[in-house]
Amino acid sequence: MPEKLDISIVLPIYNEEGNLKELHSKLTESLTKLGLEYEIIAVDDGSKDNSFNVLKELAQSDPKLKVIRFRTNFGQTAAMSAGFHHAKGDVIITMDSDLQNDPADIPRLLEKIDEGYDVVSGWRADRKDKFFSRRLPSIIANKLIVKMTGVKIHDFGCSLKAYKKEIIDNINLYGEMHRFLPALAKWAGANITEIKVQHHPRKYGKSKYGISRTTKVILDLITVKFLLSYSTKPIRFFGYMGLSSGFIGFIICLYLSIGKLFFPSEDTSLIKRMPLLLLGVLLILVGIQLLTMGLLAEIMIRTYYESQKKPIYHIREIIGKE
Ligand code: UDP
Ligand code: MG
């Protein structure tokens, strides 16, 4: 009989040896109080410290703790993705393994899920990290992500979030996309809400990220925006740009031709006309390129959806049909 569980906790772990014992006991305390069936999936993302051995020891005395060990460091997104693939719970809760998130907030996340939301996002309203290198970039990034994706939550970067399993099943993660899970969930049609959660300073171990992730986030954001708006109609994206570029180029060349044909006496020396001619020709070529790129993208998305039998829609429920 397949195991049926209420909750799966997914923990990405990279060099967190000092935090794991306390995290495990706090989680167990908070989850046992709820009286629900749960599992904890710890994904050791190729830690170079003693994390794996600590986990192994903990798992010997706790059958609810499952440990997945990566061969090397594949990153937080990959670790979360592995956890999702192995999770059996109806609700999946992700959190950091460094005790910055507090397991005591889990019951409140679940309350919101019971109210009918598909995704409940934690919001570190009182965040305990450095201001200039961490909180300020994060505030700007969050504002930008809200604007671009239309998902109105305050804290995309907070790992403590709860998801219904069926939403996660519809999302594939790549790169460092875990930050955009709520936006990708919206794409899958999820109802999203947020609650304020506690945040503690890191006691053991070091943060794995710094200011250098800013550009990565911006590039990822462009990808997500494109996926959200155009993934089933790429010709609209490339086509509009291509048509406008081609049109402007056409007008320029038309203007030059009219001058050449009807006003040959005017000064039309090549040197004088050259820059405009170049621009016109360039814009037409770019326009054609973009249009054909859009058409190629249309062929590619057909291959993408049809080869994997992926639907272009997500059903919440069906009434009156087996
Ligand atoms: N993490 C991971 N693989 C990595 C980097 C980080 O699994 O390559 C885990 C890390 O152990 C922690 C979580 O992802 O549980 C968040 O990392 P961290 O606390 O360093 O990020 P911050 O809270 O400083 O943004
Ligand atoms: Mg942290």
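Note that ligands are numbered from 1 as they come in the structure, with each ligand's atoms numbered from 1 the same way. Keep in mind the model is a prediction, meaning the values are calculated, not measured.
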With hydrogens left out, which residues have an atom under 4.0 Å from ligand 1, given that only heavy atoms count? P12, I13, Y14, E16, D45, N73, G75, Q76, D96, S97, D98, Q100, R134, R202, S207, K208, Y209, R213

Once you measure the plane-to-plane angle for Y230 and F226, does it fall in the parallel (<30°), tilted (30-60°) or perpendicular (>60°) bin? tilted

Which heavy atom of I167 sits nearest to which heavy atom of A188, and what is that distance? CD1-O, 4.4 Å

Do D169 and K165 meet the salt-bridge criterion of a basic N to acidic O distance under 4.0 Å? yes

Electrostatic pair D114:K112 at N-O distance under 4.0 angstrom: no

The Mg ion (ligand 2) -> D98, closest N, O or S atom is OD2

Taken in chain and number order and not counting sequence neighbours, the residues that satisfy side chain to side chain contact (heavy atoms under 4.5 Å, CB included) with A162 are V91, I93, L109, I113, V120

Answer yes or no as to whether an N/O/S atom of N101 is found below 2.8 Å from the Mg ion (ligand 2). no

Can a salt bridge be assigned to the pair R135 and D129 using a cut-off of 4.0 Å between side-chain N and carboxylate O? no

Do K225 and T149 come within less than 4.5 Å of each other through their side chains, counting heavy atoms only? no

